[in-house]
There are 2 protein chains.
Amino acid sequence: MSPTSSLDVLIRKLQSISDLREADIEVLKGIQIQEKDFLANYDLVREGDRPVNSFVVLDGLLGSTKLTGDGKRQITSFFVAGDIPDLHGLHLSVMDCNFTTLTAARLGFMRHDALRTICEQHPRIATAFWRSTLIDAAVYREWVTNVGRREAYTRMAHILCELIFRLRSVGRIQDHVADLPITQAALGDALGLSTVHVNRMLQELRRRGLIATTGSRVHALDWPGLTRAGDFDTTYLHQRNPAA
Amino acid sequence: MSPTSSLDVLIRKLQSISDLREADIEVLKGIQIQEKDFLANYDLVREGDRPVNSFVVLDGLLGSTKLTGDGKRQITSFFVAGDIPDLHGLHLSVMDCNFTTLTAARLGFMRHDALRTICEQHPRIATAFWRSTLIDAAVYREWVTNVGRREAYTRMAHILCELIFRLRSVGRIQDHVADLPITQAALGDALGLSTVHVNRMLQELRRRGLIATTGSRVHALDWPGLTRAGDFDTTYLHQRNPAA
DNA sequence: CCCAGCCTATGTCATAGGTTAATGCACGGC
DNA sequence: GCCGTGCATTAACCTATGACATAGGCTGGG
């Protein structure tokens with residue numbers, strides 16, 4: 001089904017954020033990964049769970065989500081192919097958020113005890129995993145800023161920039177067009193906006209010629225313009241080999 | 001000057017979030033820590049820096065902050081005694097945010113190369129440090145939710161709950177009264193609100209009998225009421241020995 | 001004792017964004 | 001072909017919050 005094996009996806013990801021030696025990569029190749037498919041809007045992990053495995057995203061879009069006391073949902077981060085969303089659960093026994101599929105997704109599950117053993121014996125691999133969670137944290141910081149201090153239009157442009165940039169850097173974008181089968185309601189939950197206002201802001205972005213949409217496809221017509229509109233700077237994504 | 005040594009503060013913190021053995025603690029006692037005092041509103045670390053040390057907070061209140069393109073500031077998290085705010089810098093070579101004192105503060109600096117050596121040789125200590133950064137990430141997640149989906153009044157109550165709870169769990173609160181010499185402008189930067197609106201929300205909290213303030217002191221008159229008003233649940237702080 | 005600099009408090013007015021609800025459109029099932 | 005469901009779109013109205021202006025404390029310095 002997938003063009004590459006799940007181990008390839010994991011190893012390429014870790015190499016893209018960290019220095020690994022041949023020996024480390026051999027160790028990683030020994031990890032048992034169990035693949036599984038999910039529909040959109042499935043809660044893989046819930047607040048209060050004590051997970052015994054973590055998963056790498058092989059395909060699709062996920063989000064970490066939280067619910068407020070009066071039932072409103074906030075998506076606190078997106079995850080794309082290569083990401084390991086709930087690696088945090090490796091050392092946080094009780095989860096404080098949910099991990100939910102936002103589109104259909106294919107995931108690869110890895111047992112915590114296996115990961116812990118590897119981390120104990122191979123400090124460089126432990127560092128790579130640690131760094132992965134630190135980048136997640138950097139994204140959360142940027143999202144606090146995005147939601148707290150940018151207005152809706154800028155905020156919308158910013159999140160599109162992040163999604164497009166991350167998808168491109170893992171080779172999931174063809175011809176400047178991203179396939180994002182995500183609803184406007186979900187975008188609202190990520191931006192702290194109502195569905196209606198998400199719609200208004202998308203229209204404004206189209207009107208100004210920055211994006212075009214056809215069905216679930218988003219076309220960045222003017223990437224420099226979009227990054228300017230979104231006050232987008234890639235530093236917080238901590239890519240080692242910044243893509244174009 | 002301080003009642004306990006800086007090493008004590010560090011070791012107690014790590015013990016409070018992780019399982020350490022006697023041998024680990026002996027290793028930690030060998031860490032060289034250099035103490036230093038700072039005034040309020042001093043940028044210890046700036047976006048773009050490549051720090052060679054990290055610091056533990058011995059006294060005072062710090063924040064991680066980001067600036068948007070049009071110069072607005074967002075505080076993305078608070079740090080109190082025991083916290084190691086920029087431990088993230090150990091594995092993120094370029095910083096993506098600032099670390100700023102919000103009050104006068106006393107800090108203890110530790111060299112990155114020393115920390116890296118310890119982490120390579122003592123996986124349990126590495127895990128403790130890693131866990132510290134994971135808890136930071138959990139706080140960032142909660143803040144995204146707080147700023148994105150709670151209204152100003154709830155948001156204000158929530159942040160007060162977090163501050164009071166964290167100060168209490170490191171023994172910095174006497175008689176239910178927290179000394180918080182932080183300006184309303186800074187609270188606004190943490191909440192994504194204007195100074196004026198922070199003022200209005202504080203008044204509302206006082207009017208409803210949840211808090212009282214005298215100078216820089218905040219008195220939680222009705223803790224259960226305050227946590228209800230703030231939709232506050234301590235799970236995301238990942239304390240091992242939940243305080244009262 | 002007075003002044004300067006900061007912070008908190010208040011009032012007025014403007015507006016970004018929320019809420020609600022109606023409409024339309026595409027797709028899948030039968 | 002028809003219906004149901006989920007989503008995007010649009011419009012009308014409303015409110016939470018921001019912007020701006022000003023006044024009134026504190027505090028520390030000389």
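In what follows, chains are A, B, ... by sequence order, proteins preceding strands, each numbered from 1.
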(message) If you compare every side-chain N and O of B:N199 against the phosphate oxygens of C:dA9 (OP1, OP2), does one of them come in below 4.0 Å?
(response) yes
(request) Would you mind checking if A:E142 and A:R150 are paired as a salt bridge, meaning a charged N to carboxylate O distance below 4.0 Å? (result) yes
(request) Check whether the side chains of B:T76 and B:S64 place a donor and an acceptor atom closer than 3.5 Å, and report yes or no. (result) yes
(request) Can you sort out which residues in residues 204-219 of chain A have a heavy atom within less than 4.0 Å of DNA chain D? Ascending by number, please. (result) A:R206
(message) For A:G89, is there any backbone N or O sitting under 3.5 Å from a side-chain donor or acceptor partner on A:D86?
(response) no
(message) Base contacts versus sugar-phosphate-only contacts with protein, heavy atoms under 4.0 Å: please encode nucleotides 15-24 of chain C as B, S and - from 5' to 3'.
(response) --BBBB----
(message) Nearest whole Å is fine: how far is C:dC7 C1' from B:L180 CG?
(response) 16 Å
(request) Could you check how far CG of B:D189 sits from P of D:dG18, rounded to whole Å? (result) 12 Å
(message) What is the separation between atom CD1 on B:I182 and atom C1' on C:dT8, rounded to the nearest whole Å?
(response) 14 Å
(request) Step through it carefully: locate the ring centre of A:W143, locate the ring centre of A:Y236, and say whether they are under 6.0 Å apart. (result) no
(message) Ignoring hydrogens, what is the shortest heavy-atom contact between B:G82 and B:V56? Give both atom names and the distance.
(response) O-CG2, 3.8 Å
(message) For the backbone of A:R106 and the side chain of A:D59, can you confirm whether one donor and one acceptor N or O come within less than 3.5 Å of each other?
(response) no
(message) Can you confirm whether B:Q34 is buried at CD, in the sense that more than 12 heavy atoms of other residues, nucleotides or ligands lie under 6.0 Å from that atom?
(response) no
(request) Would you kindly give the CG-to-P distance between A:L202 and D:dT9, to the nearest whole Å? (result) 8 Å
(request) Answer yes or no: does a side-chain N or O of A:Q203 lie under 4.0 Å from OP1 or OP2 of D:dT10? (result) yes
(request) For C:dC6, take OP1 and OP2 only and decide whether either is under 4.0 Å from a side-chain N or O of B:Q184. (result) no
(request) Over all heavy atoms of both residues, which pair between B:P181 and B:S216 is shortest? Give the atoms and the distance, please. (result) CA-CB, 3.6 Å
